[in-house]
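Data first, discussion second: the structure below is written as structure tokens.
Excluded from the calculations below are hydrogen atoms, water molecules and symmetry mates; all remaining heavy atoms, backbone and side chain alike, are included.
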Amino acid sequence: MIDKLGRNITYLRISLTDKCNLRCRYCMPEEGVCKRSHQEMMNEDEIVRAVEVAASLGIHKVRLTGGEPLVKKNIVSICRRVAAVEGIREVCLTTNGLLLPELAVSLKEAGVKRLNLSLDTLDSEKYAYITRIGKLEQFQNGLEAALEAGFEKIKINAVLIGGFNDDEIEKLANLTMQHPVDMRFIELMPIQNHDEFGQSAYVPHSKVLERLPDAVPVAHDGGVAKLYRLPGAKGNIGLISPISAHFCGACNRIRLTADGALKPCLHAPDEFSIKGLDKDGMKEVFEKAIWNKPAWHGDLDAVNRSRAGRNMNEIGG
Ligand code: SAM
């Protein structure tokens with residue numbers, strides 16, 4: 001699947017549900033999501049069909065995300081079936097981790113190789129504030145369960161927010177000294193329509209490096225993060241800079257929303273629905289979506305908002 005700019009699209013990110021058991025302030029509204037009927041959303045068979053079509057076109061990596069993918073009742077079955085699709089080499093999952101104590105072992109057995117866990121702060125009051133309803137202890141239990149289950153790789157993602165957690169860069173980076181995990185800092189993206197963050201919340205990644213003078217650059221692992229490592233650490237520090245140093249020219253991704261819209265670019269309004277289609281129909285739409293992948297996502301900051309047209313929980317971060 002080569003797009004018209006010659007980018008090879010090999011990575012499909014699927015939002016399994018808009019629903020989440022947290023309400024992170026930069027991601028989704030406090031009241032949650034509006035109720036949609038089951039018929040409007042992709043069912044398990046349609047998701048697997050979409051992956052089969054994508055794999056036949058050259059996709060070999062799938063990330064399951066949301067909303068919160070672990071609130072889906074059939075999550076283990078979806079993971080197992082997606083991992084079994086011919087041509088899919090890697091199934092990864094992005095989760096807030098809260099349900100991992102119950103699910104980590106089954107997910108690993110179902111074929112999930114890598115986990116990305118989201119954690120913006122190590123302070124329990126700030127965790128409750130940013131997630132609106134979460135408890136830091138729940139995350140910590142989830143991380144423990146993930147470490148015990150023995151996934152190939154665990155990465156922890158923090159959205160860096162000026163005035164909120166930029167005073168915790170060292171503390172968060174220190175997790176790589178304690179555990180075999182990568183700690184990645186993601187620049188805040190202005191995607192939600194009604195967020196509360198002003199320009200000072202949008203912190204460029206140069207700030208992370210200023211706070212970690214001992215971190216040394218290490219080789220790229222094929223992902224979008226620039227990698228560094230603290231002396232003696234068990235994992236890397238990653239910087240993902242969609243704003244200050246966008247990676248659109250090397251973007252190899254396409255996204256599928258929980259209601260069946262292919263989004264060739266996270267921040268563009270363009271959507272191509274595959275809901276209810278058979279394999280031939282889906283294939284045609286995948287090809288059209290890839291061909292129409294925009295060159296880049298445009299300027300993004302507190303003033304120039306994302307043109308995604310949906311909140312992050314509806315697209316899949
Ligand atoms: N519920 C899961 C989780 O918490 O990881 C998966 C979905 S969540 C939308 C995926 C990732 O998107 C999380 O790491 C979250 O922090 C990130 N995210 C959401 N809104 C964002 C924003 N406005 N800017 C940067 N990252 C964002």
Is [Y] reachable from [X] through a run of I, L, V, M, F, W or Y residues, each pair having side-chain heavy atoms under 4.5 Å apart?
X      : Y      : result
Leu119 : Ile240 : no
Ile14  : Ile315 : no
Phe139 : Ile130 : no
Ile133 : Leu100 : yes
Leu115 : Val224 : no

Which distance, rounded to the nearest 0.5 Å, do you find between the [atom1] of [X] and the [atom2] of [Y]?
X      : Y      : atom1 : atom2 : answer
Met42  : Leu16  : CE    : CG    : 10.0 Å
Glu284 : Asp278 : CD    : CG    : 9.5 Å
Tyr202 : Leu300 : OH    : CG    : 9.0 Å
Ile88  : Glu52  : CD1   : CD    : 9.5 Å
Leu239 : Leu209 : CG    : CG    : 5.0 Å
Asn21  : Thr95  : CG    : OG1   : 7.5 Å

We want to know whether [X] and [Y] form a side-chain donor-acceptor pair, criterion being a heavy-atom distance below 3.5 angstrom.
X      : Y     : answer
Asp120 : Tyr26 : yes
Thr94  : Arg63 : yes
Ser77  : Glu44 : yes

What's in the same ILVMFWY side-chain cluster as [X], cut-off under 4.5 Å, chained through other members?
X      : answer
Val218 : Leu227
Met28  : Val33
Val105 : none

Heavy-atom closest pair, residues [X] and [Y]:
X      : Y      : answer
Gly223 : His220 : O-NE2, 2.9 Å
Gly97  : Leu117 : CA-CD2, 4.3 Å
Leu57  : Met1   : O-CG, 3.0 Å
Tyr228 : Ala215 : CB-CB, 3.9 Å
Ala173 : Phe185 : N-CZ, 4.2 Å
Pro101 : Gly142 : CD-CA, 3.7 Å

Restricting to side chain to side chain donor-acceptor pair (under 3.5 Å), what partner residues turn up for [X], sequence neighbours left out?
X      : answer
Ser206 : none
Asp45  : Arg81
His179 : none
Asn252 : Thr10

Does Lys61 count as lying over the ring of Tyr11, i.e. NZ or CZ under 6.0 Å from the six-ring centre, within 45 degrees of the axis? yes
Hey, are the side chains of [X] and [Y] touching, using non-hydrogen atoms and a 4.5 Å cut-off?
X      : Y      : result
Ile254 : Ile59  : yes
Pro204 : Ser241 : no
Met177 : Lys234 : no
Tyr129 : Phe164 : yes
Asn292 : Lys4   : yes
His297 : Cys251 : no
Leu147 : Glu144 : no
His205 : Glu187 : yes

Intermediate values then yes/no, side-chain contact (heavy atoms from CB on, under 4.5 Å), Ile191 and His267: CA-CA 8 Å; Ile191 194 163; His267 295 295; 4.0 Å; yes
Whether [X] side chain and [Y] backbone form a donor-acceptor pair below 3.5 Å:
X      : Y      : value
Arg255 : Gly316 : yes
Asp3   : Arg7   : yes
Glu148 : Ala145 : no
Lys275 : Met41  : yes
Arg229 : Ala233 : yes
Asn313 : Asp18  : yes
Glu46  : Asn43  : yes

The criterion is salt bridge (Lys or Arg N to Asp or Glu O under 4.0 Å); which residues satisfy it with Glu271, sequence neighbours excluded? Lys263, Arg310
Contacts of type side-chain contact (heavy atoms from CB on, under 4.5 Å), residue [X], not counting sequence neighbours:
X      : answer
Glu40  : Arg36, Ser37
Ala110 : Val76, Cys79, Arg80
Glu31  : Pro29

Please walk me through it: do Arg305 and Asp299 pass salt bridge (Lys or Arg N to Asp or Glu O under 4.0 Å)? CA-CA 8 Å; Arg305 316 285 307 174; Asp299 283 327; over 6 Å; no
Residues Ile274, Phe286; criterion side-chain contact (heavy atoms from CB on, under 4.5 Å); working and verdict: CA-CA 8 Å; Ile274 58 169; Phe286 259 98; 4.2 Å; yes
Under the side-chain contact (heavy atoms from CB on, under 4.5 Å) criterion, do Phe151 and Arg114 qualify, and how do the steps go? CA-CA 6 Å; Phe151 290 94; Arg114 294 164 163 252; over 6 Å; no
Please check if the number of heavy atoms outside Lys153 that lie under 6.0 Å from its NZ is greater than 12. yes
Around atom CD of Glu86, are there more than 12 heavy atoms from other residues, nucleotides or ligands closer than 6.0 Å? no
Salt bridge (charged side-chain N to carboxylate O under 4.0 Å, His left out) contacts touching residues 162-172 (sequence neighbours left out): Lys126-Asp167, Lys126-Glu168, Asp166-Lys207, Glu168-Lys171, Glu170-Arg211
The test is side-chain contact (heavy atoms from CB on, under 4.5 Å); show your working for Asp221 and Asn236 and say whether it passes. CA-CA 10 Å; Asp221 65 357; Asn236 294 327; 5.7 Å; no
